[in-house]
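Before we start, here is the structure in question, set down as structure tokens.
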Amino acid sequence: MSTVYESLYIGGEWVSPSSSRTIEVVSASTEEVIGRAPEAVERDVDAAVAAARAAFDDPSGWAMWAPADRAAVMERLADELDARAPEMARRVASQNGMPISIAAQLEGVFPQVLLRYYAGLIRSTELDEVRDGLMGGRIRVTRKPIGVVAGIVPWNYPQTLAAFKLGPALAMGCTIVLKPSPETVLDAQLFAEAAAAAGLPAGVVNIVQGGRDTGQYLIEHPQVDKVAFTGSTAAGRTVAETCARLLRPVTLELGGKSAAIVLDDADLASNLESLFGATLLNNGQTCYLGTRILAPSSRYAEVVDTLTGFARSLQVGDALDERTQIGPVASSRQRDRIEGYIAKGAGEGARITTGGGRPAGLDRGWFVEPTVFADVDNRHTIAQEEIFGPVLSVISYADVDDAVRIANESDFGLGGSVWTSDPERGEAVAARVQTGTIGINAYLPDPAAPFGGVKQSGLGRELGPEGLVAYQALKSIYLAP
Ligand code: NAD
């Protein structure tokens, strides 16, 4: 069944696109066409930014509303998304290959958790404070919404990563133009339906799906005040250069190559479900995954065996099958990239213990076998570059100092995990890893805590109360003594 859209959601209405260009959506599991939606081009971006600008500048508009009134609308949006959750999960799973059991728990639920979290937070956050100055007077310090936001999101968690931006931006009173990836437009259109049904004022949220050129045009638009980008490090660098030239505030959530450090007292066998979440979730298409598994040399063979057996046991199949643990990757381009890395890993001397090819019996769809590499040196390409597929590299270390050194010998610093039967010891090791986030015996970002990377994994933070800061402009008013 094909889902076809003819309009773009701009200015609170479904409008005809200004060109006849369309995006064809293909199922990652079957390679069949499952839908079509208009592609936004420059004139559509102009219209979307103009609508967001007008909504933001309206003297009695969204930015001026009492926070509690905005919060109520955000909660209505969450309710409308709840009503569409099973369909949302199905659309995401069909498009990018995320197993439906995972999509139902994350993409169908997490955005609403975030919207409700920021709705609650903005009700209780003091945005205006008067303090005593040092020059005899007093100062009113206010936190204003930063303005019109350009939100750029990738295809791997399209709804959740959009909500990372929408939650704090809407709570603060910003308006937003969101640019989803061409791979995931059907969920974006369903989100627009929810926004329309929730009665968001016209222009507060606008959606312009398209590729890189549409994104680049949007972030450079003169009427945009702030850019919030999630995507690859390569694209993030281009976005950062553009924003530097324009002196435009930007947050960047980029790639990763995190380390999962297995300490010598770890009980991996009883933690396999958590280990899956921390290393292979969404077929390896997750930015924070610990795809470098650091194992003590004293237990190296055993760790390799455990991971090999585990990878072999995973159910690979159609993303819409409830039993599937590993679905296809999002596109043939992604599969080519992953297969290129697998060939490179073998060529550089690492040893494939399971996987390495395409699964038998799955001739349609962009499937890659869950793959484990042993005998990986941290300098190998597969240990240094983000693969974004179900591929793990197991690296041997001599002692804890060596493990920390290897973990930190990376251009990235986004996630990570430590596996141990002594959580205190785990925390002590975690404290030494150069990363923005890290887990002990599990890893899952929590909305209440700041999320983001160091080094080439990004700039700034999303989530938590700290996530509001990126959408605020501070203003000091000096009150004469
Ligand atoms: P990508 O960088 O190719 O594209 C991401 C988005 O940016 C897309 O919407 C794309 O159209 C747009 N884009 C690309 N170039 C642009 C430009 N010059 N100007 C404006 N927009 C531009 O990434 P992808 O392949 O879609 O996603 C996978 C990448 O995203 C991985 O590297 C992954 O690690 C990263 N990611 C990071 C996080 C995080 O929070 N740190 C989360 C998820 C994904």
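Just follow the structure's listing: the first ligand is 1, and inside any ligand the first atom is 1.
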Checking side-chain polar atoms at under 3.5 Å, does S331 have a donor or acceptor matched by the opposite partner on E183?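 Their side chains do not contain a donor-acceptor pair, so the 3.5 Å distance test is not met.
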For ligand 1, indicate whether the residue T214 contacts it via side chain, backbone, both or neither (heavy-atom separation under 4.0 Å).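 T214 to ligand 1: no contact under 4.0 Å from either part.
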Give the numbers and elements of all ligand 1 atoms closer than 4.0 Å to a heavy atom of G211.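 Reading through ligand 1 atom by atom, the close ones are 11 (O).
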Nearest heavy atom to atom 7 (O) of ligand 1: which of F229, W155, F164 does it belong to?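 Residue with the shortest heavy-atom distance to the ligand atom: F229.
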Heavy atom of the protein closest to atom 17 (C) of ligand 1 (residue, atom name, distance):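 For this ligand atom, the closest protein heavy atom is Q216 OE1, 3.5 Å.
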N or O pair under 3.5 Å between V153 and ligand 1: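 Yes, at least one N or O pair falls under 3.5 Å.
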Starting from atom 31 (C) of ligand 1, what is the nearest protein heavy atom, named by residue and atom, and what distance separates them?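 Here the nearest protein heavy atom works out to E386 OE1, 3.3 Å.
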Is it the side chain, the backbone, both or neither of L218 that has a heavy atom closer than 4.0 Å to ligand 1?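 Neither part.
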In this structure, are over 12 heavy atoms from other groups packed under 6.0 Å from R245 atom CZ?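 Buried by this count: over 12 neighbours within 6.0 Å.
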Looking only at distances, please establish whether an N/O atom of ligand 1 is found under 3.5 Å from an N/O atom of T230.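 No, no N or O pair falls under 3.5 Å.
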V148 versus F56, closest heavy-atom pair with distance: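 Heavy atoms of V148 and F56 come nearest at CG2-CB, 4.2 Å.
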Closest heavy-atom pair and its distance - Y217, D46: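 Taking every non-hydrogen atom into account, OH-OD1, 2.7 Å.
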Between K226 and T251, do the side chains contain a donor N or O and an acceptor N or O under 3.5 Å apart?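 Yes - a donor-acceptor pair under 3.5 Å links their side chains.
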To the nearest 0.5 Å, tell me how far L77 CG sits from M74 CE.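 Taking CG in L77 and CE in M74, the distance rounds to 8.0 Å.
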Protein heavy atom at shortest distance from atom 8 (C) of ligand 1: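 Scanning the protein heavy atoms, the shortest distance from atom 8 (C) of ligand 1 goes to S181 OG, 3.3 Å.
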Side chains of E409 and Q384: do they bring a donor and an acceptor to under 3.5 Å?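 There is no such pair between these side chains.
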Short check: is a protein heavy atom less than 4.0 Å from atom 4 (O) of ligand 1?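 Flag for atom 4 (O) of ligand 1 set to false, no protein heavy atom closer than 4.0 Å.
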Starting from atom 37 (C) of ligand 1, which protein heavy atom do you reach first, and at what distance in Å?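 Result for atom 37 (C) of ligand 1: L254 O, 3.0 Å.
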Closer than 4.0 angstrom: is that true for some heavy atom of Y288 and an atom of ligand 1?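 It does not, in that no heavy atom of Y288 comes within the 4.0 Å cut-off of ligand 1.
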Nearest 0.5 Å please: distance from the SG atom of C287 over to the OH atom of Y157.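 Here the interatomic distance stands at 8.0 Å.
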Using heavy atoms and a threshold below 4.0 Å, how should the contact between T242 and ligand 1 be classified: side chain, backbone, both, or neither?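 No part of T242 is near ligand 1 at this cut-off.
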Hey, is G453 one of the residues with a heavy atom under 4.0 angstrom from ligand 1?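 Under 4.0 Å: no for G453.
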Report yes if some N/O of T238 lies less than 3.5 Å from some N/O of ligand 1; otherwise report no.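 It does not: no N or O of T238 is found under 3.5 Å from an N or O of ligand 1.
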Would you say ligand 1 has an N or O under 3.5 Å from any N or O of A235?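 Looking only at distances, the answer is no, because the N/O contact criterion of under 3.5 Å is not met.
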How long is the straight-line distance from NZ of K165 back to OG1 of T160, given to the nearest 0.5 Å?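 Here the interatomic distance stands at 10.5 Å.
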I'd like the name of whichever of T251, N96, N156 reaches closest to atom 44 (C) of ligand 1 through any heavy atom.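 Of the listed residues, N156 has the closest heavy atom.
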Counting non-hydrogen protein atoms only, what is the nearest one to atom 20 (C) of ligand 1? Give residue, atom name and distance.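 Residue, atom and distance for the closest contact: G215 C, 3.2 Å.
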How long is the straight-line distance from CZ of R84 back to CZ of R91, given to the nearest 0.5 Å?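 Here the interatomic distance stands at 10.0 Å.
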Test item, Y157 contacting ligand 1 (heavy atom, 4.0 angstrom):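 Y157: no contact with ligand 1 (<4.0 Å).
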So which heavy atom in the protein is nearest atom 12 (C) of ligand 1, and how far is it from that ligand atom?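 For this ligand atom, the closest protein heavy atom is I152 CG2, 3.5 Å.
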Does a donor on one side chain and an acceptor on the other come within less than 3.5 Å for N96 and T184?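 Per modelled atom types, N96 and T184 side chains form no pair under 3.5 Å.
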For the CG atom of L200 and the CG atom of L170, what is their distance to the nearest 0.5 Å?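 Atom-to-atom, L200:CG and L170:CG are 6.5 Å apart.
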Among all protein heavy atoms, pick the one closest to atom 2 (O) of ligand 1 and tell me residue, atom and distance.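 Checked against all protein heavy atoms, atom 2 (O) of ligand 1 sits closest to S232 OG, 2.6 Å.
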How about NZ on K455, more than 12 heavy atoms from neighbouring residues, nucleotides or ligands closer than 6.0 Å, or not?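 Yes, NZ of K455 has more than 12 neighbouring heavy atoms, counting only those of other groups under 6.0 Å.
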Would you mind checking which non-hydrogen protein atom is closest to atom 42 (C) of ligand 1, with the distance to 0.1 Å?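 Heavy-atom neighbour on the protein nearest atom 42 (C) of ligand 1: C287 SG, 2.9 Å.
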